[in-house]
There are 2 protein chains.
Amino acid sequence: MSTEILSGLPLRERKKLRTRQALIDTALEQFTERGFDGTTLDELCTAVEVSKRTFFRYFDSKEDVAMAPTQDLWAAFLDDLQTRQPTGGTLLVLLRDTLFTALDRMPAEGWAERVLLSRRLAARTPSMNAHGLQFCDRTTRTAITILRERFGPADPHDLRLRLALDMMISAFHCALEEWTFQPGPASRDDLSARLRDAFAAIPGSVTMTVSA
Amino acid sequence: MSTEILSGLPLRERKKLRTRQALIDTALEQFTERGFDGTTLDELCTAVEVSKRTFFRYFDSKEDVAMAPTQDLWAAFLDDLQTRQPTGGTLLVLLRDTLFTALDRMPAEGWAERVLLSRRLAARTPSMNAHGLQFCDRTTRTAITILRERFGPADPHDLRLRLALDMMISAFHCALEEWTFQPGPASRDDLSARLRDAFAAIPGSVTMTVSA
DNA sequence: TAGTCTTATGCCACTCAGTGGCATAAACCT
DNA sequence: AGGTTTATGCCACTGAGTGGCATAAGACTA
């Protein structure tokens with residue numbers, strides 16, 4: 001965990017961040033080794049020397065702790081969506097670039113490795129996958145609200161906004177999945193490149209034909 | 001529950017179908033009245049006069065029973081995807097028409113009402129929503145497998161297939177959500193119409209621009 | 001229609017995720 | 001050092017979901 005961020009904060013906050021990170025790391029470790037269902041919260045809490053009650057003050061559920069790395073990205077995304085000065089192009093390009101910006105803001109060290117563990121775990125753990133999908137859904141809705149506030153259109157029945165957001169999510173999932181199961185080390189830049197390809201494939205997917 | 005389907009089956013199968021349907025209907029009823037979390041499985045089982053153990057022989061989870069109506073649609077969709085003779089147009093049109101066909105095959109009576117209850121419930125019950133999203137995800141993956149088998153392309157890294165499938169799901173969700181919260185009675189044809197509109201909005205969502 | 005085979009159900013005890021309440025301890029602020 | 005705030009621990013509890021085994025009900029056969 002990046003030590004730079006810690007300094008400057010009051011002791012209490014530093015401790016909290018450390019406990020939180022320890023829970024995430026130990027969870028990813030134990031879940032990866034013995035499986036999500038093969039690990040009880042009691043075991044995790046014992047390892048981190050924290051009571052189960054405390055665990056639930058940091059995370060909403062057992063799934064939640066293992067999904068934390070990805071959630072940081074989307075928090076950054078929503079933040080950028082609020083503040084970034086928009087370019088004048090298509091909405092999809094705006095969304096793509098905002099996502100790239102958010103990705104660049106993820107810590108260069110450690111983040112990619114955690115996401116990799118998290119995603120590989122999610123791929124073989126239905127309840128984790130479900131949890132992740134629902135988080136995406138919530139994020140999408142928040143993003144729609146932000147976009148409506150900033151740019152309109154006022155018509156809440158215009159479906160295009162939602163459709164475009166979902167396309168972004170879809171492209172992200174495509175890229176993430178390829179990236180997750182690629183051999184070799186996990187790198188943020190590699191994910192970025194795959195993301196670019198996935199976005200580029202969107203127009204073709206609308207016009208794609210099948211042999212009769 | 002449509003009585004026509006029951007006749008012709010052996011007694012044991014008829015009973016099973018009846019128990020299953022009773023569980024679904026009573027669950028939707030109780031969840032709607034007292035909330036998903038405000039209803040225990042014991043209460044549901046007592047009302048249907050079935051042991052909790054038996055409940056779990058019919059459904060995988062508490063969420064599952066309330067999602068059954070929608071799952072029937074997707075089962076029909078996958079079935080049609082396997083068997084229907086494809087038209088030669090775009091993939092998206094093929095998917096759209098297959099979905100329409102599946103929708104037409106849903107029982108004209110009762111189905112729409114159950115879906116309505118189910119969706120309204122899911123909208124205010126995170127764990128149900130999560131469950132539904134994961135079911136969509138599984139369905140999407142199955143659909144991809146079927147499509148690859150039938151039409152190729154052989155390249156498994158072509159992202160367009162997945163992107164197109166997700167667009168269909170997105171359009172479906174848009175339509176379903178509008179339909180769910182529209183006032184007045186639930187009709188299958190109304191859903192069909194909204195679905196058509198949602199698909200029509202896809203091309204525009206790719207090229208949509210935002211004011212700079 | 002009795003007898004046998006097969007399959008669904010009921011019952012019971014158990015694990016584990018998640019919650020509420022309250023006492024304690026640690027960090028913060030003069 | 002003193003008092004205030006806030007995080008943690010402990011304990012008892014609810015409710016979802018599971019495994020095992022006995023029993024009952026439908027299905028097949030003579």
Side-chain angles (χ1 to χ4, degrees), chain A residues 6-24 26-27 30-31 34-68 121-122 125-132 134-135, chain B residues 6-24 26-27 30-31 34-68 121-122 125-132 134-135:
Chain A
L6 268 62
S7 47
L9 287 169
L11 171 59
R12 186 184 276 164
E13 296 305 314
R14 267 180 287 159
K15 274 195 159 183
K16 274 167 62 173
L17 283 175
R18 252 197 308 248
T19 305
R20 183 186 152 83
Q21 200 57 50
L23 282 168
I24 294 172
T26 313
Q30 294 196 342
F31 293 169
R34 318 204 288 265
F36 182 81
D37 293 322
T39 312
T40 67
L41 281 182
D42 282 324
E43 289 165 347
L44 171 59
C45 291
T46 304
V48 187
E49 291 179 298
V50 149
S51 77
K52 201 173 62 167
R53 200 68 189 80
T54 296
F55 173 89
F56 282 107
R57 288 192 184 98
Y58 283 90
F59 302 100
D60 290 335
S61 69
K62 191 181 175 185
E63 287 79 20
D64 204 34
V65 64
M67 293 304 228
L121 225 30
T125 311
S127 74
M128 268 185 67
N129 192 34
H131 189 272
Q134 205 225 352
F135 179 78
Chain B
L6 268 61
S7 49
L9 287 169
L11 172 59
R12 185 183 276 164
E13 297 304 315
R14 267 180 288 159
K15 274 196 158 183
K16 274 168 60 173
L17 282 176
R18 252 196 310 246
T19 306
R20 183 186 152 82
Q21 200 57 50
L23 282 169
I24 294 172
T26 313
Q30 294 196 342
F31 293 169
R34 317 204 288 265
F36 182 81
D37 293 322
T39 312
T40 68
L41 280 183
D42 283 323
E43 289 165 346
L44 171 58
C45 291
T46 303
V48 187
E49 291 180 297
V50 151
S51 78
K52 201 173 63 168
R53 201 68 188 79
T54 295
F55 173 89
F56 283 106
R57 288 190 184 99
Y58 282 90
F59 301 99
D60 290 335
S61 69
K62 190 182 176 185
E63 287 78 21
D64 204 32
V65 66
M67 292 305 229
L121 226 31
T125 312
S127 74
M128 268 185 67
N129 191 35
H131 190 272
Q134 205 225 352
F135 179 79

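Residue numbering restarts at 1 for every chain, and letters A, B, ... go by the order of the sequence lines.
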For [X], report the nucleic acid contact type (base, sugar-phosphate, nothing); a contact means any heavy atom under 4.0 Å.
X      : value
A:S51  : base
B:E13  : nothing
B:F55  : nothing
A:S127 : nothing

Practice item. Map A:E49 and B:F36 onto DNA chain D by nearest heavy atom, then report which one ends up closer to the 5' terminus. Key: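 Looking at the nearest nucleotide for each, A:E49 comes out on the 5' side.
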Could you tell me whether the phosphate oxygens of [N], OP1 or OP2, come under 4.0 Å of any side-chain nitrogen or oxygen in [X]?
X     : N      : answer
A:Y58 : D:dA7  : no
B:K15 : D:dG26 : yes
B:K62 : D:dG17 : no
A:T54 : D:dT8  : no

Atom-pair distance ([atom1] on [X]; [atom2] on [N]), nearest Å:
X      : N      : atom1 : atom2 : result
A:E43  : C:dA17 : CD    : P     : 9 Å
B:E63  : D:dG17 : CD    : C1'   : 11 Å
B:D42  : D:dG17 : CG    : P     : 12 Å
B:L17  : D:dG26 : CG    : C1'   : 15 Å
A:D60  : C:dG18 : CG    : P     : 9 Å
B:F56  : C:dA8  : CZ    : P     : 18 Å
B:F31  : D:dG15 : CZ    : C1'   : 13 Å
B:H131 : D:dA16 : NE2   : P     : 14 Å

Between [X] (side chain only) and [Y] (backbone N and O only), is there a donor and an acceptor less than 3.5 Å apart?
X      : Y      : value
B:T54  : B:V50  : no
A:Q21  : A:R18  : no
A:T125 : A:M128 : no

Review point. Between the base of D:dG17 and the side chain of B:K52, is there any donor-acceptor pair under 3.5 Å?
Key: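 When only heavy-atom distances are counted, B:K52 does reach the base of D:dG17 through a donor-acceptor pair under 3.5 Å.
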Review point. Is there a donor and acceptor pair, one atom on the side chain of B:R57 and one on the base of C:dG10, closer than 3.5 Å?
Key: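 Yes, a donor-acceptor pair under 3.5 Å.
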Identify which nucleotide among [options] has an atom closest to any side-chain atom of [X], counting heavy atoms from C-beta outward.
X     : options                : answer
A:R53 : C:dG10, C:dA26, D:dC11 : D:dC11
A:L41 : C:dG18, D:dG17, C:dC16 : C:dG18
B:R12 : D:dG9, D:dG17, C:dT7   : C:dT7

Review point. Rounded to the nearest 0.5 Å, what separation is found between the CG atom of A:L41 and the OG1 atom of A:T46?
Key: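 Rounded to the nearest 0.5 Å, the CG-OG1 separation comes out at 10.0 Å.
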Review point. About how many Å separate CE of A:M67 and NZ of A:K62, when rounded to the nearest 0.5 Å?
Key: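 Reported to 0.5 Å precision, the distance equals 13.5 Å.
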Practice item. Would you please say whether a donor-acceptor pair under 3.5 Å links the side chains of B:T39 and B:Q30? Key: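 No, because no side-chain N or O of B:T39 sits under 3.5 Å from a partner of the opposite role on B:Q30.
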